[in-house]
Amino acid sequence: MMNPSTFGEALMAFVFYYPLFMAYLWMAGALYYWFHYERRSGKPDELPELDEYPAVAVIVPCHNEEAHVVETIEWLMASKYPDLEVVAVDDGSTDGTAAALRELAERFPRLRVIQLAHNQGKAAALNAAATMTRAEFLVCIDGDALLDPAAVHWLIWHFRSPRVGAVTGNPRVRTRSTLLGRLQVGEFSSIIGLIKRAQRTYGRVFTVSGVVSAFRRRALHEVGYWSTDMLTEDVDVSWKLQTRRWDVRFEPNALCWILMPETFRGLWRQRLRWATGGMQVLIANWHGLHAWNMRRMWPVFTEFVISAVWAYAMMGVIVLWLLGTVLGMPVPIEVPTLLPNWNGVVVGTTCLLQVATGMLLDSRVEKGLFKHYFWMIWYPLAFWLINVFTTVVGVPRALLRSRGERARWKSPDRGLLPDR
C-alpha cells in the first residue's frame, strides 16, 4: 500500500489515507481554535457581558411536534435573555401540535403562534415567522430541541462585530439508549464539533446547525432568507451568506439538547437528506467560487468534493472485492480483502485519538462524555458505511431533482426515551 503499483492498490491507498489526513487536519485546526479563542471564554452557564441587549426572536418551526413542543417552549421561557419573544409556527401539523401551541400561548404572553393550513416545509415556516417579528436578531431551533437558558446570550455576543451574519450553536445529543445513540454522542463531539472548530480556523464553515443557529436579519434579507426548494435549508443559507462575504461563526457555549435517530432506517433517511441537500447546495453555488474574493470558501468546497469522491472510491473497492470473490478479477484491479490488517489498526487508533480530542474539547461544556468513549471504536464501521451509501445515492438524486421543487417536512425518527 505504501507504493501502489496497480489500480486496485491505488484505490485502496486513497480510501485509506484520505480519512487519516482529514482526521489529523481537523484535530490540528480544532486545537488551534481552542488555544486561540475558546479557552479564553467562560463556561456555558456564565453569561457573557453585553453592552446592549437588542430584541431577539426565537423561531420554532413545528410539524407534528405534539409530544415535544411543550417541553421545548417551557425551556425557552426559562431563558436568561431579557428582551426575548418566541414565534412558533405550526406548519400544517396533523396531530395535536396546534392545540398544544394555543394552550402554551395562553400560559406565556411572550409566545406568538402562527398556523399554516398546509405543510409548506421548514424554510417556508422560518420565512413566515421572520416576517412577523421586528427583532433584528433571529434564533432558530427545532420544535423538539431544548435550548440552554444561557445560549441566547452566547449567540448574540458574536454580533458585536457588524460583519457577523450568523452564529451556529453547539447541539448535544440526548438520545443515548442504543448503540447508535451513543455513537452519535461521540460523533457530535469528535466529528461535527471538531470540524466546525477546524473550519473556522482555516476559512468558512460548511453549514450552521439547523437545530440551533442565530442570524442577523439584515444579512438574511440581503440573501433572500431561506430557500424553500433546498432539502438542507441550513446548508443553503450558510453558503448564501458566506458567498456574500458575511461571517459565520461557531459558539461552543451555545448548547442545545437534541433528539437523534436511533434506528438504522431513521439514520439512513436523515443522512440521505443531508447528502442530497449538501450536493444540491454545491450545484447551486459552485459557479462563482473560482473568484479570488471567494478564496475562503475553497477549503470547504474542496473538502466536500473530495469527500464525495472518497465515498465513490470506497464503493468501488467494495464492488471490486465482491466481483473478485464471485468471478475473480485481473491483478491490476484486484482487491484481495476488505479485512483490516495493520492499516485497520492505524484507522482505529486515529479514530479513538480523534474522539478523545473532540471529547476533551467538549468536556468543558458537557460532563460525562468519556463514558461513551470506547463505544466509538464501532464508528468507522457503522457510520462510514452509511455515509458511503447515502452519498452514492444522494449525488444522483440531487442532480436529478427538479429545480424549484418544494422541500417539505417528514416526521423524523427521534430515538427512544432521552437518557441524560
Side-chain angles (χ1 to χ4, degrees), residues 14 17-38 123 158-168 191-210 213-227 229-251 274-313 391 394-395 398-399 401 403:
F14 173 63
Y17 285 115
Y18 174 70
L20 290 183
F21 172 78
M22 293 307 302
Y24 287 104
L25 178 66
W26 290 334
M27 284 188 279
L31 288 170
Y32 180 93
Y33 179 90
W34 188 87
F35 276 108
H36 283 77
Y37 305 105
E38 190 174 349
H158 287 272
F159 289 107
R160 297 172 303 164
S161 169
R163 288 307 307 161
V164 174
V167 183
T168 178
I191 307 297
I192 296 177
L194 207 72
I195 289 174
K196 280 186 167 56
R197 288 177 174 93
Q199 289 177 342
R200 275 296 304 162
T201 296
Y202 59 69
R204 304 290 194 182
V205 299
F206 181 75
T207 181
V208 299
S209 175
S213 296
F215 299 90
R216 188 187 300 273
R217 175 193 288 277
R218 181 162 59 88
L220 284 174
H221 186 75
E222 183 179 314
V223 302
Y225 294 90
W226 290 272
S227 301
D229 60 340
M230 291 290 174
L231 291 174
T232 49
E233 80 295 327
D234 48 355
V235 181
D236 177 66
V237 77
S238 303
W239 279 63
K240 289 198 300 185
L241 288 169
Q242 292 176 121
T243 53
R244 293 291 188 94
R245 294 184 291 282
W246 285 98
D247 198 15
V248 174
R249 294 186 179 180
F250 171 54
E251 178 46 66
W274 288 3
T276 307
M279 185 54 63
Q280 256 192 306
V281 172
L282 195 70
I283 294 168
N285 288 278
W286 73 274
H287 297 284
L289 290 180
H290 65 277
W292 177 249
N293 60 7
M294 291 290 105
R295 61 190 179 279
R296 292 187 67 192
M297 294 296 296
W298 294 349
V300 293
F301 171 81
T302 303
E303 182 180 316
F304 183 81
V305 171
I306 297 179
S307 295
V309 172
W310 177 86
Y312 276 90
T391 299
V395 169
L399 292 171
R401 186 176 173 84
R403 293 184 63 87

Do [X] side-chain atoms and [Y] backbone N/O form a donor-acceptor pair below 3.5 Å?
X: T207; Y: V235; result: yes
X: H36; Y: Y32; result: yes
X: R197; Y: W26; result: no
X: S238; Y: V208; result: yes
X: K240; Y: E222; result: no

Any idea which heavy atoms bring [X] and [Y] closest together, and the distance?
X: L241; Y: A166; value: CD1-CB, 3.8 Å
X: A123; Y: S227; value: CB-O, 3.3 Å
X: T391; Y: A308; value: CG2-CA, 4.0 Å
X: S213; Y: S209; value: OG-O, 2.5 Å
X: A30; Y: L194; value: CB-CD1, 3.4 Å
X: D229; Y: R401; value: O-NE, 3.9 Å

Using side-chain heavy atoms (C-beta onward) and a distance below 4.5 Å, is [X] in contact with [Y]?
X: M230; Y: V281; answer: yes
X: V300; Y: Q242; answer: no
X: I283; Y: L399; answer: yes
X: R245; Y: R296; answer: no
X: L289; Y: T243; answer: yes
X: W310; Y: P19; answer: yes
X: M279; Y: F304; answer: yes

Quick one: [atom1] on [X] to [atom2] on [Y], what's the gap to the nearest 0.5 Å?
X: R295; Y: M297; atom1: CZ; atom2: CE; result: 13.0 Å
X: R249; Y: R204; atom1: CZ; atom2: CZ; result: 10.5 Å
X: F250; Y: I195; atom1: CZ; atom2: CD1; result: 11.0 Å
X: W298; Y: W292; atom1: CH2; atom2: CH2; result: 5.5 Å
X: W239; Y: F301; atom1: CH2; atom2: CZ; result: 6.5 Å
X: I192; Y: T168; atom1: CD1; atom2: OG1; result: 10.0 Å

Close aromatic pair by centroid cut-off 6.0 Å: W226 and F215: yes
So E233 and Y225, side-chain hydrogen bond (donor to acceptor under 3.5 Å, both in side chains) or not? Walk me through it. CA-CA 10 Å; E233 80 295 327; Y225 294 90; over 6 Å; no
Step by step, would you call Y33 with E38 a side-chain contact (heavy atoms from CB on, under 4.5 Å)? CA-CA 7 Å; Y33 179 90; E38 190 174 349; 3.7 Å; yes
Could you tell me whether D247 and R216 have a side-chain N and a carboxylate O separated by less than 4.0 Å?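 No, D247 and R216 are not salt-bridged.
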So for atom NE2, which belongs to H287, do other residues, nucleotides or ligands contribute more than 12 heavy atoms lying within a distance under 6.0 Å?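 Yes, NE2 of H287 has more than 12 neighbouring heavy atoms, counting only those of other groups under 6.0 Å.
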For the residue pair R163 and W246, would you count it as a cation-pi contact if the rule is NZ or CZ under 6.0 angstrom from the ring centre and within 45 degrees of the ring axis? yes
Does a side chain donor of either T201 or Y37 reach within less than 3.5 Å of an acceptor in the other side chain?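 No - no donor-acceptor pair under 3.5 Å links their side chains.
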